[in-house]
Amino acid sequence: MQDAFLELDRIIYKQINLEATTTLIFIGGIHGNEPAGILGLHRVIETIRNHDLTLQGNFYVLAGNLNAIQKNIRYENTDLNRLWTHENIQKITTKTTFNSQEEKELAELYQCINNILNTHSGTFIFIDLHTTSSKTIPFVTISDSLKNRKFVSNFQLPIILGIEEYLDGPLLTYINEFGHIALGFEAGQHEDSEAIKNCESFIWQVLITAKAVSKNAVAQLNLSLNGFQKLDTNANFYEISYRYQLDKEENFTMKPGFVNFDTIQKSEVLAISNEKAVKASVSGKIFMPLYQKKGDDGFFIITKISMFWLKLSSSIRKLRLHHILRMLPGVRQDKLNSNALFVNPKIAAFLTTKIFHLFGYRKKVLKANQWYFIKRD
């Protein structure tokens with residue numbers, strides 16, 4: 001399998017139509033030990049070439065961490081999918097020599113994406129293909145913008161909102177800050193052959209949804225697009241309720257047998273850390289339990305979001321009522337970013353994170369003893 005990756009270029013494939021108003025950018029292998037994305041993309045590319053298929057839009061296929069893909073490792077020095085902050089990008093892209101292999105990968109991938117954005121106009125859709133270390137049904141992760149919600153509503157898959165609040169520097173979080181549609185697709189377990197089929201199926205579904213190809217044209221190719229749709233999945237929205245983050249020297253072992261979306265109860269033992277039991281802080285569903293050596297996230301716990309909340313938040317955002325928040329005590333706008341708010345947690349103690357979520361603010365970090373929220377729409 002790895003022999004297929006030895007000659008990879010950063011741009012694996014592209015089909016350009018300068019008159020098109022939609023540009024799709026698929027990225028595989030930002031984690032090098034997740035080959036299903038690259039292999040699924042290769043299958044789609046092969047079909048396009050064999051049938052001389054012209055897409056109604058611009059279509060780019062990019063390799064993420066080339067070095068890690070070729071070595072079948074998650075990353076060489078540091079996680080490439082945790083480096084995409086404005087501060088890191090500014091430092092790394094102005095360097096002539098790099099401190100790590102991943103800095104070099106970021107600089108090249110950043111330049112590649114930047115060139116695509118400068119070449120085209122209109123709607124940009126970014127799809128980042130992944131797999132997980134534990135068994136899982138396929139699912140989608142998004143930053144909670146209305147554009148993202150609308151696009152993913154076309155897929156009968158579980159949708160996870162707001163994971164960017166718990167992770168620093170994912171590529172898609174950075175992309176979302178510029179208003180583009182961006183979603184991550186988790187296809188299954190790393191080494192599961194079904195994950196490749198799920199990626200292939202999802203890629204075609206995205207191309208159909210973006211109107212880059214018609215359903216009839218795909219049907220004539222005799223492709224099986226059912227894939228994950230045959231699974232017992234629903235288009236339910238979930239949010240992260242808890243994240244267990246590993247310390248650098250922590251001896252952490254996930255309890256065996258957990259599968260993504262398994263129901264768990266509060267106080268249930270989920271893992272062992274430094275010979276002590278790690279118990280669930282809340283009831284919900286287990287999400288992305290860690291069954292590989294590299295990674296900082298032991299597990300997440302997710303809970304379902306009600307349709308009432310989704311509709312209410314959508315109405316509030318469409319009416320642009322977020323300006324109300326700036327009028328409340330303890331809340332002030334960031335002078336350098338009109339889409340960001342500083343919140344004094346002592347003064348605005350009555351404002352929970354869920355209130356900010358309703359208005360479209362998903363990112364929360366502590367800056368100088370204040371909370372910092374960034375608007376996603």
Side-chain angles (χ1 to χ4, degrees), residues 1-14 24-50 59-84 101-102 104-106 108-109 112-113 126-141 157 170-172 182-207 223-225 227-228 231 259-260 288-297:
M1 182 182 290
Q2 288 307 120
D3 291 343
F5 299 146
L6 294 179
E7 301 299 326
L8 276 184
D9 294 320
R10 182 69 61 192
I11 299 180
I12 299 172
Y13 179 83
K14 63 182 177 181
L24 294 120
I25 302 102
F26 288 84
I27 303 167
I30 201 162
H31 291 137
N33 64 331
E34 301 176 15
I38 298 286
L39 293 171
L41 285 162
H42 271 303
R43 288 186 179 184
V44 172
I45 293 166
E46 184 179 9
T47 300
I48 289 172
R49 284 173 169 160
N50 289 344
F59 176 57
Y60 289 86
V61 174
L62 309 182
N65 193 334
L66 281 169
N67 173 68
I69 292 168
Q70 291 163 358
K71 295 180 178 179
N72 193 27
I73 56 176
R74 186 173 175 84
Y75 54 82
E76 185 81 52
N77 308 109
T78 189
D79 193 332
L80 178 58
N81 207 30
R82 299 294 184 270
L83 292 178
W84 296 84
Q101 179 63 38
E102 275 67 38
K104 179 176 181 292
E105 300 283 346
L106 181 143
E108 292 178 1
L109 186 55
C112 182
I113 292 172
F126 288 81
I127 309 294
D128 191 13
L129 300 170
H130 287 269
T131 50
T132 63
S133 62
S134 65
K135 288 186 178 180
T136 185
I137 58 174
F139 62 92
V140 174
T141 62
L157 292 167
L171 169 62
L172 294 186
L183 56 133
F185 176 65
E186 300 279 356
Q189 195 173 30
H190 295 331
E191 305 302 328
D192 189 348
S193 61
E194 286 299 312
I196 303 170
K197 296 177 184 177
N198 290 336
C199 279
E200 181 183 14
S201 178
F202 185 71
I203 294 160
W204 284 113
Q205 294 282 348
V206 169
L207 292 173
L223 297 171
S224 174
L225 297 185
F228 51 78
L231 302 171
V259 177
N260 251 4
M288 296 180 72
L290 183 67
Y291 288 112
Q292 59 188 9
K293 292 182 179 179
K294 288 186 176 182
D296 298 326
D297 307 307

(message) Checking Ile73 against Asn33 for the side chain to side chain contact (heavy atoms under 4.5 Å, CB included) test, could you report, in this order, the C-alpha distance in whole Å, the side-chain angles of both residues, the deciding distance, and whether it holds?
(response) CA-CA 5 Å; Ile73 56 176; Asn33 64 331; 5.7 Å; no
(request) Start with the C-alpha gap between Trp84 and Leu109, add the side-chain angles, then the distance that decides, and say whether side chain to side chain contact (heavy atoms under 4.5 Å, CB included) holds. (result) CA-CA 11 Å; Trp84 296 84; Leu109 186 55; 3.8 Å; yes
(message) Walk me through whether Tyr13 and Val44 qualify under side chain to side chain contact (heavy atoms under 4.5 Å, CB included).
(response) CA-CA 10 Å; Tyr13 179 83; Val44 172; over 6 Å; no
(message) Please determine whether side chain to side chain contact (heavy atoms under 4.5 Å, CB included) holds for the pair Ile45 and Val61, giving the CA-CA distance in whole Å, both sets of side-chain angles, and the decisive distance to 0.1 Å.
(response) CA-CA 9 Å; Ile45 293 166; Val61 174; 4.1 Å; yes
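In this structure the side chain of Leu83 never reaches within 4.5 angstrom of the side chain of Tyr75, judged on heavy atoms. Inter-residue side-chain proximity for Ile27 and Leu129 is flagged as unmet; no heavy-atom pair is nearer than 4.5 Å. Counting heavy atoms from C-beta on, the side chains of Leu106 and Leu80 come closer than 4.5 Å. Put simply, the side chain of Phe26 reaches to within 4.5 Å of the side chain of Val206, judged on heavy atoms. Here the side chains of His31 and Asn81 are in contact, with some heavy-atom distance below 4.5 Å. Residues Phe185 and Asn198 are in side-chain contact: their nearest non-hydrogen atoms beyond the backbone lie under 4.5 Å apart. Considering only heavy atoms from C-beta on, Met288 comes within 4.5 Å of Asn260 through its side chain. The shortest distance between side-chain heavy atoms of Ile30 and Leu171 falls below 4.5 Å.
With values rounded to the nearest 0.5 angstrom, Arg74 atom CZ is found 8.0 Å from Ser133 atom OG. Expressed to the nearest 0.5 Å, how far CG of Leu62 lies from CZ of Phe126 amounts to 8.5 Å. The structure places CD of Glu191 at 10.0 Å from CD of Glu34, a figure rounded to the nearest 0.5 Å. Note that CD1 of Ile127 is 9.0 Å distant from CD1 of Ile25, once rounded to the nearest 0.5 Å.
Not counting sequence neighbours, Ser193 has no partner by the side-chain contact (heavy atoms from CB on, under 4.5 Å) test. Among residues two or more places apart in sequence or in another chain, the side-chain contact (heavy atoms from CB on, under 4.5 Å) test is passed with Arg43 by Ile196, Lys197, Glu200. Looking at residues two or more places apart in sequence or on another chain, you find a side-chain contact (heavy atoms from CB on, under 4.5 Å) between Asn67 and Asn65, Lys71, Glu76, Gln101, Glu105.
In this structure, His190 contributes its side chain and Thr132 its backbone to a donor-acceptor pair below 3.5 Å. At least one donor-acceptor pair closer than 3.5 Å links the side chain of Glu102 to the backbone N or O of Asn77. With Arg10 contributing its side chain and Ala63 its backbone, the two residues share a donor-acceptor pair below 3.5 Å. No donor-acceptor pair under 3.5 Å is formed between the side chain of Asp9 and the backbone N or O of Ile11.
More than 12 non-hydrogen atoms from other residues, nucleotides or ligands lie less than 6.0 angstrom from NZ of Lys294. Within a 6.0 Å sphere centred on CD of Glu46, other residues, nucleotides and ligands contribute 12 heavy atoms or fewer.
Nearest heavy atom pair, residue Cys199 against residue Ala187, reads SG-CB, 3.4 Å. Smallest separation of non-hydrogen atoms from Thr131 and Ala36: CG2-CB, 3.7 Å.
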